Amino acid sequence: MSLIQPIIEQIEKRDPNETEFHQAVQEVLYSLEKVIDAFPAVQFHKVVERMVEPERVVSFRVPWVDDNEDLQINRGFRVEMNSALGPYKGGLRLHASVNQSIMKFLAFEQVFKNSLTGLSLGGGKGGSDFNPKGKSDLEVMRFCQSFMTELYRHIGEHTDVPAGDIGVGAREIGFMFGQYKRITNQFTGVLTGKGLGWGGSLIRPEATGYGLIYFSSHMLETRGDTFEGKTCLVSGSGNVAQYTIEKLLELGAKVVTISDSSGFIYDAEGIDRAKLDFIMELKNVRRGRVAEYEQKYPQAVYTATRQNADHNPLWDIKADCAFPCATQNEINEKDAKNLMKNGIMLVAEGANMPTCEEGVKIFLDKGILYGPAKATNAGGVAVSGLEMAQNSSRMVWTRERVDTELQKIMKSIHGMCIEYSSQYSTEGNYVDGANIAGFIRVANAMLDQGYI
Ligand code: NDP
């Protein structure tokens, strides 16, 4: 009898509306069945039962005043999922779609991802349904200050160390850090992704995108291949997408797409360094829309997002490799089929859970190189861990040192995925490899600490 199914049924019964959380849990638990069966005496399923229940969920009111002096209210969250390996660690997301299900799915994924890095990091996630689009700098500042006025009592350098995520970059981390410092009168490494002049780490902005491509290079190596001359699809145009493109360009690949929530750009000639600089200025400084790319580079084609469309035409462009770097469930079953039809050989996830369950199944069944987020995008949190180490020792590491550490960590995660997939599943099944390797380290710590 399956020891996993009752756990899945229980979470579905308890929180029937948390569909993203159910999806993330199911994907992990089906991988774990093999390891649970292999060690019946350890009762790993009892550990799993605990792992799907957050250690703590904080939900709070965030009142703020907009530029028209209207009173606004948002909901803030921090899900402290698991601290078996260290302080809770995971980003803060500011996006209109944020709700408890999305927070819990992200926090759950984060636990396994952080374990894979080999660093002393527990897992958590937080954020708010505040929509930063179209808000002035002062509105964002007032929101961040109000958000931190409640969050500060739940976090700390040894307790919980948040970072950025969708809608939270250097500007928002700065505003939040400033407010934390005012309230607590402490200058500590309580947030990562800080400005370089005041405690941030070199390579942190680049880390998720670079790490994604380091990992993907190892995947290609298993088939004796490289990125040289490969045509690549990238979705998103934020932090992860930008540095994914930068590293792909360095390795001789050709990137032909970017997107945002309004639509996508197809540039058949390829996005070169000058075009990437334009995208960075557009998104990071002017906070504009990717549609502007077509005006600047008229050979490119812009396609607006169609509401309720049954697929995303970005994933129907012929290419060798695909890097979803925008958001969850951006590749549905039809998208996955389109990618396969066009001969895709590698899909590696920059975003968290960008591929729906049916899509994952298609990639695994077809035997392409498929890298799941918790392994492939772990570079961001890994360098956040290195930022914490630098803050604790009051030292600043060089760019080369951080990049070398990042490369080592991504290589080690890749190695663990291969090792654990060949031991418990099929060699090269990165989903099973990442889930099992991530789980075992956390589970053993929980057992040592008394099944807590
Ligand atoms: P950013 O806010 O910098 O960029 C997000 C990008 O995705 C934007 O282009 C945004 O478009 C687009 N996007 C967001 N929501 C949607 C949506 N519902 N539909 C279509 N496009 C959307 O975020 P990041 O680059 O930091 O994060 C991207 C992904 O990577 C997320 O899944 C995040 O969890 C994951 N991640 C990030 C890490 C990091 O270090 N930053 C670490 C690990 C994972 P628009 O401008 O229109 O909103």
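Whatever order the structure lists ligands and atoms in, that order sets their numbers, starting from 1. As the structure is a prediction and not an experimental result, all values here were calculated from the model.
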>> So if I apply the ring-ring contact (aromatic ring centres under 6.0 Å, His included) rule between F147 and each of F60, W64, F130, which one comes out positive?
In response: F60

>> Once you measure the plane-to-plane angle for H218 and H414, does it fall in the parallel (<30°), tilted (30-60°) or perpendicular (>60°) bin?
In response: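 H218 vs H414 ring planes: tilted.
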
> Applying a heavy-atom distance cut-off of 4.0 Å, which protein residues contact ligand 1?
Replying inline: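 Residues R93, H95, K133, D165, I166, G167, R204, T208, G236, S237, G238, N239, V240, S259, D260, S261, K283, R289, C325, A326, T327, G350, A351, N352, N377 each place a heavy atom under 4.0 Å from ligand 1, listed by chain and number.
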
[X] with [Y]: basic N within carboxylate O range, under 4.0 Å:
X	Y	answer
E53	R14	yes
K341	D316	yes
K254	D267	no

>> For a side-chain hydrogen bond (donor to acceptor under 3.5 Å, both in side chains) check, start with the C-alpha distance between Q407 and Y210, then their side-chain angles and the critical distance, and finish with the verdict.
In response: CA-CA 9 Å; Q407 291 186 42; Y210 279 18; over 6 Å; no

